[in-house]
Asks: 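Take this structure, written in structure tokens, and hold onto it; I'll ask about it next.
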2 protein chains.
Amino acid sequence: MRFSKQRELIKNIVQETNSHPTAYWIFNKAKKKISNISLGTIYRNLNKLNKDGIIDIFYDNNIARYDWNTLSHDHLKCNKCGKIIDVKMHTKELQKEVWNQYKFETENIEITISGTCKKHMNFKEK
Amino acid sequence: MRFSKQRELIKNIVQETNSHPTAYWIFNKAKKKISNISLGTIYRNLNKLNKDGIIDIFYDNNIARYDWNTLSHDHLKCNKCGKIIDVKMHTKELQKEVWNQYKFETENIEITISGTCKKHMNFKEK
DNA sequence: GTTAATAATAGTAATCATTACTATTTAAAT
DNA sequence: ATTTAAATAGTAATGATTACTATTATTAAC
Ligand SMILES: [Mn+2]
Ligand SMILES: [Mn+2]
Ligand SMILES: [Zn+2]
Ligand SMILES: [Zn+2]
């Protein structure tokens with residue numbers, strides 16, 4: 001794989017945010033540095049970076065989100081503000097349990113918990 | 001909500017399979033009974049049935065799948081044969097932990113484990 | 001430094017899943 | 001039977017992503 005300033009930029013944009021951005025968000029950010037960068041270039045490179053293990057992809061409903069954090073982890077998604085937060089909820093235990101109960105060989109575990117984050121909660125009393 | 005034979009058929013198709021079908025699969029199945037049923041009718045009714053709590057929707061990568069099983073449960077997805085199997089992996093414990101650690105109010109928990117099912121595994125010895 | 005080979009790009013067209021629109025049909029209350 | 005509005009079929013539109021293609025740019029060899 002040969003160097004390109006577009007790919008370098010895209011990689012940096014993903015690695016500098018915790019927001020689990022979409023391709024379109026990355027596209028708009030990238031345009032500020034390379035004004036004529038194309039959306040196809042964004043997608044092509046995000047997929048390439050993912051295949052090389054540089055970044056992660058996961059799907060939030062029907063749209064892809066990109067994650068600098070390639071270590072196995074989980075997500076809390078707030079239905080009020082849309083924020084997606086990294087958490088660590090599952091352990092090697094779960095993988096063992098899946099093997100013991102179902103003889104299923106785990107490759108990847110994804111836990112997504114949706115609900116309301118503390119910022120957007122209405123407390124009964126103050 | 002008024003009766004319609006289209007909705008009745010769609011509901012029955014979803015409730016008679018464990019395959020977590022896509023809208024398109026349901027469409028083809030439905031056409032065998034009502035040959036001119038439209039794909040829009042499939043989607044409209046699947047969404048309606050979901051809003052009424054009759055069926056569940058979840059996303060497998062970027063495509064919607066429909067589930068007769070509306071009780072909270074998890075899925076094993078085999079990367080070899082594509083089969084998606086119902087399992088029960090999470091308990092109320094997890095919800096409590098999310099609250100204690102993050103003050104996050106859980107609405108829904110989704111665990112998807114991908115890997116290889118026992119049918120498609122190569123055992124080292126017989 | 002120049003040349004040659006080809007990976008990567010910008011711009012655009014195409015695809016796939018899903019939703020929106022609209023004239024017509026149909027369930028069901030009166 | 002008449003009336004009212006929910007539901008439908010058929011089609012158009014949308015949004016996310018991938019495919020295509022002529023041009024540009026990186027890198028290795030000379
Ligand atoms: Mn993350
Ligand atoms: Mn299920
Ligand atoms: Zn929030
Ligand atoms: Zn399998």
Side-chain angles (χ1 to χ4, degrees), chain A residues 1-14 17 19-67 75 77 82 84 110 112, chain B residues 1-14 17 19-67 75 77 82 84 110 112:
Chain A
M1 187 159 52
R2 197 145 95 161
F3 172 88
S4 94
K5 67 179 201 293
Q6 288 86 346
R7 179 160 46 243
E8 205 59 20
L9 173 60
I10 291 163
K11 191 180 71 186
N12 288 335
I13 289 173
V14 174
T17 182
S19 69
H20 304 93
T22 64
Y24 198 73
W25 187 95
I26 295 163
F27 177 50
N28 281 312
K29 204 109 207 277
K31 276 198 287 193
K32 289 170 188 170
K33 299 259 176 178
I34 301 173
S35 63
N36 71 331
I37 197 169
S38 112
L39 188 53
T41 298
I42 304 289
Y43 276 106
R44 186 168 12 83
N45 281 298
L46 287 169
N47 286 334
K48 205 162 290 186
L49 290 165
N50 174 248
K51 282 204 183 79
D52 287 11
I54 314 292
I55 64 172
D56 253 28
I57 304 182
F58 68 92
Y59 288 86
D60 172 26
N61 291 339
N62 49 153
I63 110 151
R65 291 187 174 273
Y66 301 87
D67 200 334
H75 294 116
K77 181 182 179 187
I84 296 170
E110 242 180 274
T112 305
Chain B
M1 187 158 54
R2 206 148 83 164
F3 172 88
S4 95
K5 66 179 201 291
Q6 288 86 346
R7 181 160 46 243
E8 205 58 21
L9 173 60
I10 291 163
K11 190 179 74 186
N12 288 335
I13 289 173
V14 174
T17 182
S19 69
H20 303 94
T22 64
Y24 198 73
W25 188 95
I26 295 162
F27 176 51
N28 282 312
K29 204 109 207 277
K31 276 199 289 193
K32 289 170 187 168
K33 299 258 176 180
I34 301 174
S35 62
N36 71 331
I37 197 169
S38 114
L39 188 53
T41 298
I42 305 289
Y43 277 106
R44 186 168 12 83
N45 281 298
L46 287 170
N47 287 334
K48 206 162 291 187
L49 290 166
N50 174 249
K51 280 201 184 82
D52 286 10
I54 313 291
I55 65 171
D56 253 27
I57 304 183
F58 67 93
Y59 288 85
D60 173 25
N61 291 340
N62 49 154
I63 109 150
R65 290 187 175 274
Y66 302 86
D67 200 334
H75 294 115
K77 180 182 179 186
I84 296 171
E110 242 180 272
T112 305

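Convention: sequence-line order gives letters A, B, ...; per-chain numbering from 1. Because only heavy atoms are used, hydrogens play no part in the values below, and waters and symmetry mates are left out as well, while side chains stay in.
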Asks: First and last nucleotide of DNA chain D touching chain B, 5' to 3', heavy-atom cut-off 4.0 Å?
Replies: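 Nucleotide range in contact with chain B: dA5(D) to dG10(D).
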Asks: Going by the rule side chain to side chain contact (heavy atoms under 4.5 Å, CB included), which residues pair with Lys32(B) if we only count those two or more places apart in sequence or in a different chain?
Replies: none
Asks: Can you name the side chain to side chain contact (heavy atoms under 4.5 Å, CB included) partners of Phe27(A), sequence neighbours left out?
Replies: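 With neighbours one apart ignored, the set is Tyr24(A), Lys31(A), Ile37(A), Leu39(A), Ile42(A).
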Asks: Side chain of Arg7(B), backbone of Arg2(B): donor and acceptor closer than 3.5 Å?
Replies: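 Between the backbone of Arg2(B) and the side chain of Arg7(B) there is a qualifying donor-acceptor contact (under 3.5 Å).
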Asks: Who pairs with Asp52(B) by side chain to side chain contact (heavy atoms under 4.5 Å, CB included), at least two apart in sequence or on another chain?
Replies: Met1(B), Ile54(B)
Asks: Can you tell me the distance, in whole Å, between the CZ atom of Arg2(A) and the P atom of dT9(C)?
Replies: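 After rounding, the gap between these two atoms is 10 Å.
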Asks: Not counting sequence neighbours, which residues clear side-chain hydrogen bond (donor to acceptor under 3.5 Å, both in side chains) with Ser38(B)? List them please.
Replies: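 If we apply the side-chain hydrogen bond (donor to acceptor under 3.5 Å, both in side chains) test to Ser38(B), skipping adjacent residues, there are no hits.
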Asks: Among residues at least two apart in sequence or on other chains, which ones pass side-chain hydrogen bond (donor to acceptor under 3.5 Å, both in side chains) with Asn50(B)?
Replies: none
Asks: Specify the residues of residues 27-61 of chain A, ordered by number, for which at least one heavy atom lies under 4.0 angstrom from an atom of DNA chain D.
Replies: Leu39(A), Tyr43(A), Asn47(A)
Asks: Not counting sequence neighbours, which residues clear side-chain hydrogen bond (donor to acceptor under 3.5 Å, both in side chains) with Ser19(A)? List them please.
Replies: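 In terms of side-chain hydrogen bond (donor to acceptor under 3.5 Å, both in side chains), with neighbours along the sequence ignored, Ser19(A) is linked to Thr17(A).
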Asks: Report the residues that fulfil salt bridge (charged side-chain N to carboxylate O under 4.0 Å, His left out) with Lys29(A), sequence neighbours left out, ordered by chain and then residue number.
Replies: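 Here no residue qualifies.
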Asks: With a cut-off of 3.5 Å and sequence neighbours excluded, list every side-chain donor-acceptor pair involving residues 59-67 of chain B.
Replies:
| unit_1 | atom_1 | unit_2 | atom_2 | d |
| --- | --- | --- | --- | --- |
| Asp60(B) | OD1 | Lys77(B) | NZ | 3.0 |
| Asp60(B) | OD2 | Arg65(B) | NE | 2.8 |
| Asp60(B) | OD2 | Arg65(B) | NH2 | 3.4 |
| Asp60(B) | OD2 | Lys77(B) | NZ | 3.4 |
| Arg65(B) | NH1 | His20(B) | O | 2.7 |
| Asp67(B) | OD1 | Asn69(B) | N | 3.0 |
| Asp67(B) | OD2 | His20(B) | NE2 | 3.1 |
| Asp67(B) | OD2 | His73(B) | NE2 | 3.2 |
| Asp67(B) | OD2 | His75(B) | NE2 | 3.3 |

Asks: Atom CD of Gln6(A) and atom C1' of dA7(C): how far apart are they, to the nearest Å?
Replies: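 Nearest whole value for this atom pair: 12 Å.
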Asks: Take the C1' atoms of the five end pairs on each side of the helix from dG1(C)-dC30(D) to dT30(C)-dA1(D), derive the two axes, and give their angle rounded to 10 degrees.
Replies: 30°
Asks: Distance check: side-chain N/O of Ser4(A) vs OP1/OP2 of dA7(C), anything under 4.0 Å?
Replies: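 Answer is no, no contact under 4.0 Å.
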Asks: Nearest heavy atom decides the nucleotide; on that basis, is Ala23(B) or Met1(B) closer to the 5' end of DNA chain C?
Replies: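 Looking at the nearest nucleotide for each, Ala23(B) comes out on the 5' side.
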Asks: Please determine whether a side-chain nitrogen of the Lys or Arg among Lys11(B) and Glu8(B) lies less than 4.0 Å from a carboxylate oxygen of the Asp or Glu.
Replies: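 Here Lys11(B) pairs with Glu8(B) in a salt bridge, since their nearest N and O are under 4.0 Å apart.
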Asks: Closest nucleotide of DNA chain C for Lys5(B) versus for Asn62(A): which of these residues is on the 5' side?
Replies: Asn62(A)
Asks: List for me each residue that meets side chain to side chain contact (heavy atoms under 4.5 Å, CB included) alongside Lys33(B), sequence neighbours excluded, and say none if there are none.
Replies: Leu9(B)
